[in-house]
*Asks:* 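I have a structure here, written as structure tokens, and I will follow up with some questions on it.
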Protein chains: 2
Amino acid sequence: MTNKRKFDPATRRAGETLASSTYASLRRDIIDGAIPAGSQLRVRHLGERYGVGFSPIREALNRLARDGLVRQVDLRGFTVTPLNRAELEEITRTRCWLNELALRKSIERGDAAWEEGIVIAFHRLSRISVSAPVNGSEGDSNAISRFNPENDTAHRAFHASLISACGSSWLLGFCEQMFDQSDRYRRLAKPSVRQGRQHDEHRLIMEATIARDVDKAVDLMNRHLLRTAELGYMALGEAMSPAQAVAAAMSSLEAVPAER
Amino acid sequence: MTNKRKFDPATRRAGETLASSTYASLRRDIIDGAIPAGSQLRVRHLGERYGVGFSPIREALNRLARDGLVRQVDLRGFTVTPLNRAELEEITRTRCWLNELALRKSIERGDAAWEEGIVIAFHRLSRISVSAPVNGSEGDSNAISRFNPENDTAHRAFHASLISACGSSWLLGFCEQMFDQSDRYRRLAKPSVRQGRQHDEHRLIMEATIARDVDKAVDLMNRHLLRTAELGYMALGEAMSPAQAVAAAMSSLEAVPAER
DNA sequence: CGACGAAAAATGTTCGAACATTCCGTATTC
DNA sequence: GAATACGGAATGTTCGAACATTTTTCGTCG
């Protein structure tokens with residue numbers, strides 16, 4: 001009954017460190033935008049917010065720096081990697097290049113198991129894409145771009161499955177990193193907007209890939225990624241009015257509505 | 001006179017944290033092989049060795065994980081990323097792909113300043129390549145593959161300069177990461193072996209690149225990277241006898257000759 | 001003798017106090 | 001009034017003790 005062990009603050013699975021669970025929470029909050037881009041990440045405030053000490057926070061922030069989601073400067077702490085058009089342009093460019101490369105190699109080398117993996121990933125994405133938007137269990141429909149773990153996982157898994165046979169776990173990791181970066185911009189757009197043609201695009205990419213039509217698959221993929229980036233551009237134009245930009249730059253974590 | 005401030009253990013520049021300097025030292029020792037591949041990195045031992053507490057060590061290890069030089073497992077600490085043929089093969093493959101991509105884009109987009117950057121980088125590499133081997137100031141000629149900061153910096157800078165105009169700092173970072181990985185294998189070979197044709201290869205790559213002969217430059221680059229990988233394969237065959245492999249896997253830091 | 005298991009050692013992790021630096025408002029000077 | 005100097009508050013960094021888990025050791029049992 002005395003579940004009040006010192007290193008066990010409720011939200012922790014077996015064999016997982018506080019640093020890992022805090023990393024997951026922080027990552028979620030950053031990608032989702034709950035912690036605004038550009039804001040300072042102060043160790044003390046974060047510790048208070050997530051209910052842990054300095055060490056796990058620092059560890060988590062280091063891992064986020066690994067993902068490129070936060071930046072670190074000696075003696076000046078951590079900052080959420082800012083969002084702007086120049087960055088989005090570079091991220092999109094890089095993402096297209098790397099995905100084209102990985103997709104070509106993957107289609108070259110992929111076997112039957114690889115094809116089946118794509119089909120399964122697409123199927124799971126289909127199921128969740130339609131059921132997720134009606135998620136009214138929490139009644140937080142006012143939250144515009146609320147994070148949806150299932151949908152996120154399925155979307156990520158589908159994109160990963162396409163290139164999973166490329167023959168380089170390094171390249172896969174780089175592509176996933178660019179996916180994360182890109183996803184931060186995509187989440188700026190309202191779900192209603194971004195839900196639009198994405199699913200059809202995914203289906204076409206899958207079909208061309210499995211048909212081993214390399215050039216068509218690559219072309220569809222590039223268009224898909226560019227269209228995704230468009231969502232980010234539009235959202236940046238709308239959402240980042242000067243006032244909000246300043247607010248994002250200045251606001252620290254205490255300005256964020258606390259959600260546990 | 002009282003230079004005995006608590007957070008100032010001699011080897012520290014202004015504005016630099018202990019974590020940063022420890023990161024640099026550890027990185028050096030790992031790439032150089034002073035800390036053997038596959039060995040466990042125990043926070044307490046490292047702290048004693050580098051004269052710092054747990055926090056900077058942990059921070060440094062996290063940054064090394066960012067570089068892919070160490071691996072981390074929850075509750076089981078950090079390990080130097082092991083060296084083996086399968087990894088070398090994948091690293092080489094990925095490195096060739098990414099460098100080809102970056103070199104093509106760089107030649108497309110590069111301007112005069114980019115060309116001059118290459119020429120300067122090559123010049124610096126030339127100067128150091130001939131002067132470095134005769135470095136007898138420390139008299140440690142018995143150290144086979146001793147780390148040479150100047151040469152290392154120049155070599156890295158030359159490879160970076162070729163692709164610096166590719167238009168993506170992300171891609172540049174990924175290429176640098178693959179450079180580091182590859183360099184660990186290259187350093188397994190004796191300097192006398194690896195000093196061989198490398199310099200001529202660098203010159204040919206530079207010439208083809210500046211002449212904007214894309215296909216030739218890419219071909220030379222790929223051959224260069226593959227030849228570099230060959231050094232690693234040979235060294236792995238020689239150096240990694242089963243006995244040594246076991247020793248490397250088992251030995252912790254205390255087995256390493258202490259050098260400060 | 002080997003399998004199993006409990007105690008002990010070693011190691012990874014977390015905490016909060018203490019220290020160092022930066023940031024920012026205020027006062028001083030010219 | 002602007003530039004500079006000062007000083008306190010806020011924040012980043014480091015330390016070592018304390019705690020949790022893993023690994024090793026060693027005794028016991030079958």
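First the proteins, then the strands, lettered A, B, ... as listed; each starts at 1. As the structure is a computational prediction, the values presented were derived from the model and not from experiment.
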*Asks:* Can you tell which of D:dC15, D:dG16, C:dT22 lies closest to the side chain of A:Leu75?
*Replies:*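 For the A:Leu75 side chain, the nearest candidate turns out to be C:dT22.
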
*Asks:* Round to a whole Å and report the spacing from CG of B:Asp74 to C1' of C:dT11.
*Replies:*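 Nearest whole value for this atom pair: 14 Å.
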
*Asks:* Go through the structure and list residues passing ring pair (Phe, Tyr, Trp, His ring centres under 6.0 Å) with B:Tyr23, not counting sequence neighbours.
*Replies:*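 B:Tyr23 satisfies ring pair (Phe, Tyr, Trp, His ring centres under 6.0 Å) with no residue once adjacent residues are dropped.
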
*Asks:* Quick one: on DNA chain D, does A:Ser55 or A:Gly77 contact a more 5' nucleotide (nearest heavy atom)?
*Replies:*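 Taking each residue's closest nucleotide, the earlier one in sequence belongs to A:Gly77.
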
*Asks:* Going by atom types alone, do B:Asn84 and B:Tyr185 pair a side-chain donor with an acceptor below 3.5 Å?
*Replies:*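 Side chains of B:Asn84 and B:Tyr185: no pair found under 3.5 Å.
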
*Asks:* Between B:His45 and C:dT11, does any side-chain N or O lie under 4.0 Å from OP1 or OP2?
*Replies:*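 B:His45 to C:dT11 OP1/OP2: side-chain N or O found under 4.0 Å.
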
*Asks:* When all nucleic acid strands are considered with a 4.0 Å heavy-atom cut-off, which category describes B:Arg44: base, sugar-phosphate, or nothing?
*Replies:*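 It contacts base atoms.
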
*Asks:* Can you check the B:Glu48 CD to D:dG16 P distance for me, whole Å?
*Replies:*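 One finds 12 Å between P of D:dG16 and CD of B:Glu48, rounded.
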
*Asks:* Does this structure show an ion pair linking B:Glu48 with B:Arg44, if we count only N-O contacts that are shorter than 4.0 Å?
*Replies:*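 Salt bridge: no.
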
*Asks:* Rounded to whole angstroms, how far apart are CD on B:Glu16 and P on C:dA20?
*Replies:*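 Between P of C:dA20 and CD of B:Glu16: 17 Å.
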
*Asks:* Rounding to an integer number of Å, can you tell me how far A:Phe78 CZ sits from D:dG12 P?
*Replies:*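 Nearest whole value for this atom pair: 9 Å.
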
*Asks:* Rounded to the Å, how far apart are B:Leu61 CG and C:dT11 P?
*Replies:*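 Rounding to the nearest Å, CG of B:Leu61 and P of C:dT11 are 15 Å apart.
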
*Asks:* Name the residue closer to the 5' end of DNA chain D, choosing between B:Pro56 and B:Arg76 according to the nucleotide with the nearest heavy atom.
*Replies:*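 That would be B:Pro56.
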
*Asks:* Starting at atom CG of A:Leu18, determine the distance to atom P of D:dT21, rounded to an integer number of angstrom.
*Replies:*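 Whole-Å distance recorded here is 10 Å.
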
*Asks:* Assess whether a salt bridge exists between A:Asp152 and A:Arg156, defined as any Lys/Arg side-chain N lying under 4.0 Å from an Asp/Glu carboxylate O.
*Replies:*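 The answer is yes: the pair qualifies as a salt bridge.
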
*Asks:* Please report, rounded to the nearest Å, how far the P atom of C:dA10 is from the CG atom of B:Leu46.
*Replies:*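 Value for this atom pair: 17 Å.
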
*Asks:* Nearest whole angstrom, please: distance from the P of C:dG12 to the CG of B:Leu41.
*Replies:*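 Atom-to-atom, B:Leu41 to C:dG12, this comes out as 9 Å.
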
